[in-house]
Protein chains: 2
Amino acid sequence: MPEILSEKKKELIERIGVFHEQRGMQPLMGRIFGLLMVLDEAEATFEEIVDYLSVSKSAVSNALNFMQAQNKVRYKTKPGKRKRYFYLKIDDWENDMQQQIEEITKGAHFLNEVIAARKNEKPEFTRQLQELCEFLEYVKTKIPNLFEGFRKQKR
Amino acid sequence: MPEILSEKKKELIERIGVFHEQRGMQPLMGRIFGLLMVLDEAEATFEEIVDYLSVSKSAVSNALNFMQAQNKVRYKTKPGKRKRYFYLKIDDWENDMQQQIEEITKGAHFLNEVIAARKNEKPEFTRQLQELCEFLEYVKTKIPNLFEGFRKQKR
DNA sequence: AAAATGGTTCTCTATTTTATAAACAAAGTA
DNA sequence: TACTTTGTTTATAAAATAGAGAACCATTTT
């Protein structure tokens, strides 16, 4: 028997949905994300997702396939049951975080191209581009330290 | 006489546009961003932007207003001239970067809510949420160090 | 075999986003 | 005053997105 969601949880799911939506995730994906976090069991069948979120099967099918392709979601089965139990693959959050932080530093590449393409007509401007670029490259080198520092601090 | 853009610069502008587009910026904004970086003068009039990018005036007007509201772009005027010279406000990239890095840590807030809302039926799952959350909070505290470390390393 | 289950795929529609074109406003010029 | 320049606004149109609903397919179950 599936958990009955409190109003608080429903509302939290929606807010988590909006949060992700604003960061470029498609709306339903964000809400599935929220749902799978909030459920005490931390998992749900296809049908439950449809019911909890009141959306169509096709929407759920597409969203789940997308999330699985992105390695955000997995499913398992249970002996004797045909249904799939979808859950968040949260155990590799470190990889995820690393990628997210690296994302920010990706722009450095373009900055270098821009700097190379510019005549130095506005040295002050070019210098600022350079400084930003150097910062991004510095951050990139410091990412491993961040994880290391975190682990060290935990013990 | 406005600079004539080389093929290389045109292509670079487009790639910068796509880069920003993929990060949620509207397409034209990304290309204006690229244009204003790549131009030797690091500035352009409204009309020049329209011509360089072959887009409509209203599109440019909207994009520039948006970018000015976001404090990404400013304009100045020149004595005797009526035109506005738009340029990137790049000098506060530190603020910008800080906000971008903080963006990543925003999710911690939701994670705390989720953890509070969950019965502890799946302790392993909850523990992973907690760990991720702690990491985000750790990163948040380390942001100032990042800037400090960068400045230190520069001298 | 027929029916039920679990999920996928296809078609259509509503919404949102992005851009155009044309009218408009303001301010300077002849 | 009329005309030009410089941008803004206002309708619209075109295109991309998200999702609904129904048909569909592959397994089980009966």
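Here is how names work: the chains are called A, B, and so on, in the same order as the sequence lines, proteins then strands, and each is numbered from 1.
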Taking [atom1] from [X] and [atom2] from [N], how many angstroms apart are they, rounded to a whole number?
X	N	atom1	atom2	answer
Glu48(B)	dT5(D)	CD	C1'	15 Å
Ile49(A)	dA20(D)	CD1	P	14 Å
Lys57(A)	dC25(D)	NZ	C1'	11 Å

Hey, does [X] reach any base, or is it just sugar-phosphate, or nothing, if we go heavy atoms under 4.0 Å?
X	value
Ala59(A)	sugar-phosphate
Val55(B)	sugar-phosphate
Asn65(A)	sugar-phosphate
Leu28(A)	sugar-phosphate

Classify the side-chain pair [X]/[Y] by whether it contains a donor and acceptor separated by less than 3.5 Å.
X	Y	value
Glu134(B)	Gln130(B)	no
Gln70(B)	Asp96(B)	no
Asp92(A)	Gln98(A)	no

Tell me, which of residues 66-87 of chain B have any heavy atom that sits under 4.0 Å from an atom in DNA chain D?
Arg82(B), Lys83(B), Arg84(B)
What side-chain donor-acceptor pairs closer than 3.5 Å can you find for residues 32-42 of chain B, not counting sequence neighbours?
{"residue": "Asp40(B)", "atom": "OD1", "partner": "Lys119(A)", "partner atom": "N", "Å": "3.0"}
{"residue": "Asp40(B)", "atom": "OD1", "partner": "Lys9(B)", "partner atom": "NZ", "Å": "3.0"}
{"residue": "Glu41(B)", "atom": "OE1", "partner": "Lys122(A)", "partner atom": "NZ", "Å": "3.2"}

I'd like to know if Ile104(B) and Ile143(A) are part of one continuous hydrophobic network [Ile/Leu/Val/Met/Phe/Trp/Tyr, side-chain heavy atoms within less than 4.5 Å].
yes
If hydrophobic clusters are built by linking Ile, Leu, Val, Met, Phe, Trp and Tyr wherever their side-chain heavy atoms come under 4.5 Å apart, do Ile90(B) and Tyr87(B) end up in the same one?
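Unlinked, Ile90(B) and Tyr87(B) end up in two clusters.
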Ignoring hydrogens and angles, does a donor from either the side chain of Ser58(A) or the base of dG21(D) sit under 3.5 Å from an acceptor on the other?
yes
Has Lys83(A) got its NZ or CZ under 6.0 Å from the middle of the six-membered ring of Phe46(A), at an angle within 45 degrees of the ring axis?
no
For a 4.0 angstrom threshold against heavy atoms of chain A, report the outermost contacting nucleotides of DNA chain C in 5' to 3' order.
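It runs dT5(C) to dC10(C).
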